[in-house]
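For reference, the structure discussed in these notes is given below.
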Amino acid sequence: MTSIDDLSAGASVRARTDLPADPSGAPATTGEGLRPRGVFGKLPRYAAGKPPVVVNGLESFKLSSNENPLPPLPAVLEAIASETSINRYPDPMTTALRTELAGYLGVPATDIVTGAGSLGALNQILATFAGQNDFGAPDEVVYAWRSFEAYPISVGLAGAAGVQVPVRADGTHDLDAMAAAITERTRVVMLCTPNNPTGPILTHSEVLEFLAKVPTDVVVVIDEAYQEFVRRPDAVNGIGLYRDFENVVVLRTFSKAHGLAGLRVGYSVSQQTLTQHLRVGAVPFAVSQVGEHAAVTSLRHIGEVEARVQSIVDERTRVVAGLRALGWTIPEAEGNFVWLALGEHTQDFAARAAEHALSVRAFGSEGVRVSIGEEEANSRFLTLCGEYTHRPAAR
């Protein structure tokens with residue numbers, strides 16, 4: 001019989017003693033033979049927005065992560081501070097939040113499945129409906145590109161194959177091309193509106209026309225993380241659509257408009273034909289009791305939230321008008337950010353912004369996304385754009 005001591009001895013034999021020990025004093029190992037799944041070598045790395053560098057004499061501003069520059073409401077901060085039961089597991093059904101959302105959205109609470117931010121809710125959808133089919137071949141997920149940076153990572157981790165359809169020159173989804181990309185292997189289509197990072201929305205009429213072309217056994221995800229910032233009257237409203245389409249699921253979050261990005265509270269809304277399966281694939285306890293209490297409190301003060309959102313929209317309007325007055329051509333901006341299609345000058349502009357104590361989000365050699373931040377930050381950004389000579393022009 002093998003004893004525990006024998007097992008320990010065997011483990012010590014396998015350890016490489018000629019390698020430096022880690023800080024804990026344990027011998028380092030080579031990790032030979034320890035490899036992740038093959039898909040990991042194909043996945044892009046998620047690059048979070050970097051904090052601003054310190055520049056003497058200037059206040060630094062982070063405009064790289066589409067965060068709400070305003071803190072949560074005072075009542076929400078009080079709710080967070082009052083939550084002391086974190087030694088207990090949260091309600092796995094997030095009953096209080098789903099009940100509050102049901103009243104706010106005018107939908108049944110049973111149609112709501114919560115997740116760790118809208119990305120967590122999306123990962124639950126992909127884990128449920130897309131991966132490898134019964135024959136071992138990957139399912140396909142169709143989405144516009146460039147769009148939300150996490151899409152290819154989430155799709156790949158689910159075991160599915162992403163089918164990227166380029167956005168048009170104006171940053172909008174090419175829905176005709178997306179419909180044409182659907183095959184018998186397509187399980188999910190993702191629509192991001194407003195599209196992150198380019199900014200434009202999808203209209204209600206064009207999404208209706210698109211849905212008519214999508215097979216009813218393909219799940220259509222309408223990602224509305226920035227829905228509260230939209231002001232175009234013809235913009236699609238996923239909540240208005242899902243009631244009529246069993247294959248539509250809507251994503252929303254408390255990270256942006258409500259300023260709760262650090263608490264990770266999001267949700268999906270769909271009919272029971274989808275939610276009955278999503279609940280099985282949902283991560284248990286994904287939303288903490290702190291996050292749930294904060295989100296419920298924020299919804300109960302929705303008028304104050306909307307006033308803060310409007311102040312950000314007003315700043316967005318000022319920034320867009322300022323850019324266009326400077327001769328910059330930018331896509332329609334309906335989120336809390338603007339997109340600068342700077343191409344080969346992308347990294348140079350980001351470096352110039354850093355010199356002005358502004359952190360912006362550069363995407364390779366495609367462009368720069370700049371979040372709408374504090375008034376001083378936005379004004380400094382406009383000053384930088386006024387000085388920068390390699391500005392995007394009309395195509």
Side-chain angles (χ1 to χ4, degrees), residues 34-46 92-93 111-166 173 175 177-193 196 210-211 213-225 238 242 245-253 264 266-287:
L34 299 177
R35 295 183 180 89
R37 292 187 294 133
V39 68
F40 272 69
K42 305 174 184 177
L43 294 178
R45 300 293 188 265
Y46 184 85
M93 297 298 292
D111 287 359
I112 301 169
V113 179
T114 57
S118 58
L119 179 56
L122 172 63
N123 287 338
Q124 292 169 178
I125 295 167
L126 292 173
T128 303
F129 294 104
Q132 286 193 337
N133 60 39
D134 295 338
F135 301 100
D139 296 325
E140 292 179 349
V141 178
V142 176
Y143 55 93
W145 195 254
R146 174 167 292 273
S147 193
F148 182 32
E149 189 178 11
Y151 285 168
I153 302 173
S154 294
V155 170
L157 289 176
V163 178
Q164 298 180 351
V165 179
H173 283 46
L175 291 181
M178 292 182 72
I182 296 173
T183 71
E184 67 278 358
R185 288 172 53 188
T186 305
R187 307 286 3 116
V188 176
V189 176
M190 299 190 295
L191 306 177
C192 186
T193 178
N196 172 22
F210 174 76
L211 288 172
K213 303 174 184 177
V214 178
T216 56
D217 62 346
V218 173
V219 175
V220 178
V221 178
I222 302 178
D223 186 345
E224 296 186 325
Y242 98 94
F245 294 89
E246 287 188 337
N247 61 330
V248 167
V249 55
V250 182
L251 286 179
R252 291 195 178 177
T253 184
R264 314 307 303 130
Y267 58 97
S268 65
V269 184
S270 57
Q271 292 187 31
Q272 287 298 296
T273 47
L274 297 183
T275 58
Q276 63 177 323
H277 304 300
L278 287 175
R279 288 195 188 92
V280 177
V283 177
F285 313 119
V287 177

Give the minimum heavy-atom separation between [X] and [Y], together with the two atoms involved.
X    : Y    : answer
V163 : A181 : CG1-CB, 4.1 Å
W145 : P152 : CZ3-CD, 3.7 Å
A161 : P138 : N-CB, 4.0 Å
V287 : G115 : CG2-O, 3.4 Å
S154 : L119 : OG-CD1, 3.6 Å
S270 : L278 : OG-CD1, 3.9 Å

Short side-chain to backbone donor-acceptor contact, [X] and [Y], under 3.5 Å:
X    : Y    : value
R185 : V141 : no
D111 : V269 : no
E246 : T273 : no
D139 : G131 : yes

Between M190 and M178, does the side chain to side chain contact (heavy atoms under 4.5 Å, CB included) criterion hold? Intermediate values first, please.
CA-CA 10 Å; M190 299 190 295; M178 292 182 72; over 6 Å; no

Is there side-chain contact between [X] and [Y], with heavy atoms separated by less than 4.5 Å?
X    : Y    : result
H173 : C192 : yes
L251 : I125 : yes
L122 : Y151 : yes

Would you give the length of the straight line joining atom [atom1] of [X] to atom [atom2] of [Y], rounded to the nearest 0.5 angstrom?
X    : Y    : atom1 : atom2 : value
R279 : L274 : CZ    : CG    : 11.0 Å
L175 : F210 : CG    : CZ    : 6.0 Å
Q271 : Q276 : CD    : CD    : 11.0 Å

Whether the S268 and Q124 side chains hold a donor-acceptor pair (N or O, under 3.5 Å, no angle test) is what I'd like checked.
no

Is it true that the side chains of T216 and N247 contain a donor and an acceptor less than 3.5 Å apart?
no

Partner of V214 under side-chain contact (heavy atoms from CB on, under 4.5 Å), picked from V142, V248, I182, is I182

Can you tell which of L191, V155, V189 makes a side-chain contact (heavy atoms from CB on, under 4.5 Å) with Y143?
V155

From CA spacing to verdict: side chain to side chain contact (heavy atoms under 4.5 Å, CB included), I222, T193
CA-CA 7 Å; I222 302 178; T193 178; 3.9 Å; yes

D217 and R187 ion-paired at < 4.0 Å:
yes

